[in-house]
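Each remark here refers to the structure printed beneath this line.
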Amino acid sequence: QVQLVESGGGSVQAGGSLRLSCAASTYTYYGSRRMGWFRQVPGKEREGVATIDADSSTNYADSVKGRFTISKDNAKNTLYLQMNSLKPEDTAMYSCAARLYGISAYPLSPNEYDYWGQGTQVTVSS
């Protein structure tokens with residue numbers, strides 16, 4: 001059964017930090033070739049933030065490089081997104097996603113993912 005459940009969102013002042021978690025079912029976690037974090041602001045398209053492959057190689061959006069870190073814990077079937085030096089423009093609904101079959105050449109494209117969590121809101125105030 002595919003299951004992705006995010007947590008860890010909240011409100012923080014600019015410059016602060018948050019860590020998002022995405023708990024996955026065993027089937028999803030070990031069956032995924034790639035997992036990632038995406039974000040969306042109302043009225044705008046969903047954008048890729050960071051992805052991690054089964055071999056732990058990562059990709060980041062330019063806007064978050066050096067500030068965000070994606071990681072995973074195999075013992076807990078959980079995907080993380082550590083967000084530091086947060087900016088107001090990071091405010092969005094953050095969702096995790098999983099791609100179960102194959103690896104695409106566009107890791108940050110939302111269209112490449114098969115399954116999605118329900119999302120967790122992150123609000124950064126100035």
Side-chain angles (χ1 to χ4, degrees):
Q1 180 180 0
V2 177
Q3 186 175 23
L4 297 166
V5 181
E6 302 95 334
S7 62
S11 297
V12 63
Q13 288 191 329
S17 298
L18 283 173
R19 188 178 78 158
L20 305 183
S21 300
C22 174
S25 63
T26 300
Y27 172 81
T28 306
Y29 189 85
Y30 287 99
S32 295
R33 298 293 303 276
R34 174 176 286 158
M35 298 182 73
W37 287 98
F38 295 79
R39 64 188 182 187
Q40 189 170 23
V41 175
K44 293 190 176 181
E45 291 188 355
R46 181 178 280 166
E47 65 170 344
V49 175
T51 69
I52 187 166
D53 290 354
D55 65 0
S56 296
S57 58
T58 58
N59 289 279
Y60 292 93
D62 288 343
S63 59
V64 305
K65 283 180 180 177
R67 300 189 298 123
F68 291 11
T69 303
I70 190 170
S71 63
K72 56 183 180 175
D73 186 333
N74 293 340
K76 297 182 178 180
N77 293 0
T78 300
L79 179 72
Y80 298 102
L81 184 68
Q82 178 66 45
M83 305 186 295
N84 299 328
S85 302
L86 282 161
K87 304 175 180 180
E89 51 264 44
D90 294 319
T91 295
M93 179 70 76
Y94 284 72
S95 301
C96 64
R99 179 184 174 99
L100 269 58
Y101 306 108
I103 293 291
S104 79
Y106 306 98
L108 293 173
S109 170
N111 296 330
E112 302 298 320
Y113 291 79
D114 306 302
Y115 300 99
W116 294 84
Q118 83 289 350
T120 186
Q121 178 67 36
V122 172
T123 302
V124 184
S125 58
S126 57

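These values consider heavy atoms only, across backbone and side chains, with no hydrogens, waters or symmetry-generated copies.
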**Asked** side chain to side chain contact (heavy atoms under 4.5 Å, CB included) with Val12: which residues, sequence neighbours excluded?
**Response** Leu18, Leu86, Val124

**Prompt:** Considering all heavy atoms of both residues, which atom of Ala24 and which atom of Leu4 are nearest to each other, and what is their separation?
**Reply:** CB-CD2, 3.8 Å

**Complete:** Nearest heavy-atom contact between Thr78 and Tyr29 is N-CE1, 3.5 Å

**Request:** State which residues pass side chain to side chain contact (heavy atoms under 4.5 Å, CB included) with Ser63; sequence neighbours excluded, sorted by chain then number.
**Result:** Arg39, Ala61

**Message:** Please give the remaining members of the hydrophobic cluster of Tyr106, linking ILVMFWY side chains under 4.5 Å, ordered by chain and number.
**Reply:** none

**Message:** Once side chain to side chain contact (heavy atoms under 4.5 Å, CB included) is applied, do any residues pair with Ser17, and if so which ones, sequence neighbours excluded?
**Reply:** Gln82, Asn84

**Item:** Salt-bridge present (Asp90, Lys87; N to O < 4.0 Å)
**Value:** no

**Residues forming a side chain to side chain donor-acceptor pair (under 3.5 Å) with Tyr60, sequence neighbours excluded** = none

**Prompt:** Tell me the disulfide (SG to SG under 2.5 Å) pairs involving residues 21-78, sequence neighbours left out?
**Reply:** Cys22-Cys96

**Message:** Filter on disulfide (SG to SG under 2.5 Å), then keep only pairs touching residues 33-94, sequence neighbours left out; what's left?
**Reply:** none

**Request:** Only counting residues at least two apart or in another chain, list the ones meeting side chain to side chain donor-acceptor pair (under 3.5 Å) with Asn111.
**Result:** none

**Message:** In this structure, would Trp116 and Tyr101 fall into the same cluster of hydrophobic residues linked by side-chain contacts under 4.5 Å?
**Reply:** no

**Item:** Pairs satisfying disulfide (SG to SG under 2.5 Å), at least one member in residues 25-84, at least two apart
**Value:** none

**Request:** Can you tell me which residue pairs pass the salt bridge (Lys or Arg N to Asp or Glu O under 4.0 Å) test with a partner in residues 21-31, sequence neighbours excluded?
**Result:** none

**Fill in**
Across all chains, not counting sequence neighbours, the side chain to side chain contact (heavy atoms under 4.5 Å, CB included) partners of Ser85 are Arg67

Donor-acceptor pairs under 3.5 angstrom involving side-chain atoms of residues 31-38: please list them, not counting sequence neighbours.
{"unit_1": "Ser32", "atom_1": "OG", "unit_2": "Thr28", "atom_2": "O", "d": "2.5"}
{"unit_1": "Arg34", "atom_1": "NE", "unit_2": "Asp53", "atom_2": "OD1", "d": "2.5"}
{"unit_1": "Arg34", "atom_1": "NH1", "unit_2": "Ser104", "atom_2": "O", "d": "3.1"}
{"unit_1": "Arg34", "atom_1": "NH2", "unit_2": "Asp53", "atom_2": "OD1", "d": "3.4"}
{"unit_1": "Arg34", "atom_1": "NH2", "unit_2": "Asp53", "atom_2": "OD2", "d": "3.2"}
{"unit_1": "Trp37", "atom_1": "NE1", "unit_2": "Tyr80", "atom_2": "O", "d": "3.2"}

